[in-house]
Amino acid sequence: MGQEESHNEEMDLAQIQELCIVFMKECPSGALHLHELRRIFGVSSTSAEESLYIETVFHSFDTNQDNALDFLEYVAALHLIFRGNLEDRLKWSFKMYDKDGNGKLDKQEVKRLIRILYKIKLQTNDVSMSPSEICDRIFELVDQNNDGQITLSEFMEGAQKDQWVMNMLKLDVNVTGWVNQNCLKQS
């Protein structure tokens with residue numbers, strides 16, 4: 001349990017190459033800025049949740065923190081999202097949650113992302129829990145030493161031993177479907 005791949009349909013190499021062509025067409029300077037990423041992925045400015053999510057994704061891949069994704073950062077992002085193994089995707093998810101970068105997640109950080117995902121993903125599922133209740137349950141199941149913080153190892157172990165936790169933590173909002181719907185149709 002927990003070792004299964006994402007429920008997303010896997011993108012093939014031709015689709016990834018197509019996304020790279022889109023990058024070169026949209027960003028001839030070789031730098032992709034947040035507003036361009038929003039446009040490429042069809043994120044409207046009216047959806048606060050999608051905007052905040054794409055901004056969080058953008059910053060997680062901007063490894064040199066220059067507020068632009070160069071081509072290598074862009075390709076690394078595509079590879080991780082579409083072809084990365086479970087362990088790498090969980091590490092990326094942890095980085096997305098860890099807003100202050102201290103290597104530990106507190107309830108505020110987890111609740112922040114759960115609220116975003118709740119509006120994008122969970123409202124379409126049959127979930128009877130609020131974002132606060134989801135956050136509390138995650139901490140009950142994952143925070144092994146009950147110190148109010150989740151370390152990377154607790155995050156990885158918790159996600160891999162409990163399918164519900166895995167579904168909540170791995171930030172799987174069907175990115176492949178989103179790209180197919182919003183990005184590939186433009187090229």
Side-chain angles (χ1 to χ4, degrees), residues 1-8 34 37 41 43 47-69 72-74 76-176 178:
M1 173 162 57
Q3 294 299 319
E4 69 196 33
E5 286 300 310
S6 172
H7 294 276
N8 296 343
L34 180 58
L37 187 68
F41 284 97
V43 176
S47 173
E49 292 80 24
E50 284 186 1
S51 288
L52 191 52
Y53 181 74
I54 201 79
E55 184 176 325
T56 305
V57 168
F58 177 86
H59 290 297
S60 77
F61 289 117
D62 183 15
T63 56
N64 61 3
Q65 299 179 342
D66 65 352
N67 290 319
L69 298 183
L72 290 177
E73 289 169 327
Y74 179 78
L78 291 180
H79 178 74
L80 176 68
I81 291 172
F82 299 120
R83 294 196 169 290
N85 64 36
L86 178 63
E87 183 176 332
D88 290 339
R89 287 194 325 254
L90 283 172
K91 286 178 182 176
W92 171 69
S93 293
F94 183 87
K95 181 180 174 183
M96 293 259 302
Y97 279 100
D98 189 15
K99 186 162 173 59
D100 64 10
N102 70 352
K104 295 179 181 176
L105 307 180
D106 60 37
K107 283 193 174 187
Q108 287 299 102
E109 290 171 318
V110 172
K111 206 175 294 184
R112 173 187 162 270
L113 219 45
I114 293 292
R115 280 190 183 119
I116 296 167
L117 292 172
Y118 190 81
K119 294 199 174 168
I120 294 173
K121 169 186 169 183
L122 300 177
Q123 66 187 169
T124 62
N125 296 341
D126 199 15
V127 176
S128 59
M129 299 170 73
S130 71
S132 291
E133 292 168 329
I134 292 169
C135 181
D136 290 344
R137 178 152 183 232
I138 288 170
F139 270 80
E140 283 174 32
L141 296 171
V142 177
D143 183 14
Q144 295 170 352
N145 61 3
N146 296 315
D147 66 351
Q149 297 183 322
I150 298 173
T151 64
L152 177 59
S153 64
E154 288 173 325
F155 186 90
M156 301 285 287
E157 287 174 33
Q160 293 183 42
K161 74 179 181 186
D162 187 296
Q163 189 61 45
W164 182 86
V165 172
M166 171 73 76
N167 291 339
M168 293 296 119
L169 293 180
K170 74 177 179 181
L171 302 183
D172 181 3
V173 292
N174 192 8
V175 176
T176 303
W178 191 19

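If you're wondering where the values come from, they're calculated on a predicted model, not measured in any experiment. Side chains included, hydrogens not; waters and symmetry mates left out as well; all remaining heavy atoms used.
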I would like to know whether W164 and L141 meet side-chain contact (heavy atoms from CB on, under 4.5 Å); could you show each step before the answer?
CA-CA 10 Å; W164 182 86; L141 296 171; 4.1 Å; yes

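- Counting only heavy atoms from C-beta outward, the side chains of F155 and Y97 approach each other to under 4.5 Å.
- Residues A159 and L90 share a closest heavy-atom pair of CB-CD2, 3.8 Å.
- Counting heavy atoms from C-beta outward, L80 and F61 have side chains that approach closer than 4.5 Å.
- Looking at Q149 and E154, their side chains never bring a donor and an acceptor atom within 3.5 Å of each other.
- For the atom pair CD1 (I54) and CG (L37), the distance works out to 4.5 Å, reported to the nearest 0.5 Å.
- With respect to the salt-bridge test (charged N to carboxylate O, under 4.0 angstrom), the residues K91 and E87 qualify.
- Remark: side-chain polar atoms of D88 are not paired, donor with acceptor, to backbone N or O of W92 under 3.5 angstrom.
- The backbone N or O of G148 lies less than 3.5 Å from a partner atom in the side chain of D143, making a donor-acceptor pair.
- Side-chain contact check for Q160 versus V165: every heavy-atom pair is 4.5 Å or farther apart.
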List the steps, then state whether side-chain contact (heavy atoms from CB on, under 4.5 Å) holds for H59 with M96.
CA-CA 9 Å; H59 290 297; M96 293 259 302; over 6 Å; no

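- For the atom pair CZ of F58 and OG1 of T56, the computed distance is 11.5 Å after rounding to the nearest 0.5 Å.
- Put simply, CG on L152 and CZ on F94 are 5.0 Å apart, with the number rounded to the nearest 0.5 Å.
- Atoms CD1 and NZ, on I114 and K107 in that order, are 12.5 Å from each other to the nearest 0.5 Å.
- Between K104 and D147, none of the side-chain N atoms (NZ, or NE/NH1/NH2) sits under 4.0 Å from a carboxylate O, so this pair counts as no salt bridge.
- Residues I150 and I138 are in side-chain contact: their nearest non-hydrogen atoms beyond the backbone lie under 4.5 Å apart.
- Contact record, E133 with M129: OE1-CA, 3.2 Å, taken as the closest heavy-atom pair.
- Here the CG-CD distance, from D106 to E109, works out to 4.0 Å after rounding to the nearest 0.5 Å.
- Between the side chains of S132 and S130, no donor-acceptor pair is found at a separation under 3.5 Å.
- Side chains of D100 and D98 form a contact here, defined as non-hydrogen atoms less than 4.5 Å apart.
- No side-chain heavy atom of L113 sits less than 4.5 Å from a side-chain heavy atom of K99.
- Here K161 contributes atom NZ and M166 contributes atom CE; the two are 12.5 Å apart, rounded to the nearest 0.5 Å.
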Walk me through it: do L34 and N67 pass the test side-chain contact (heavy atoms from CB on, under 4.5 Å)?
CA-CA 8 Å; L34 180 58; N67 290 319; over 6 Å; no

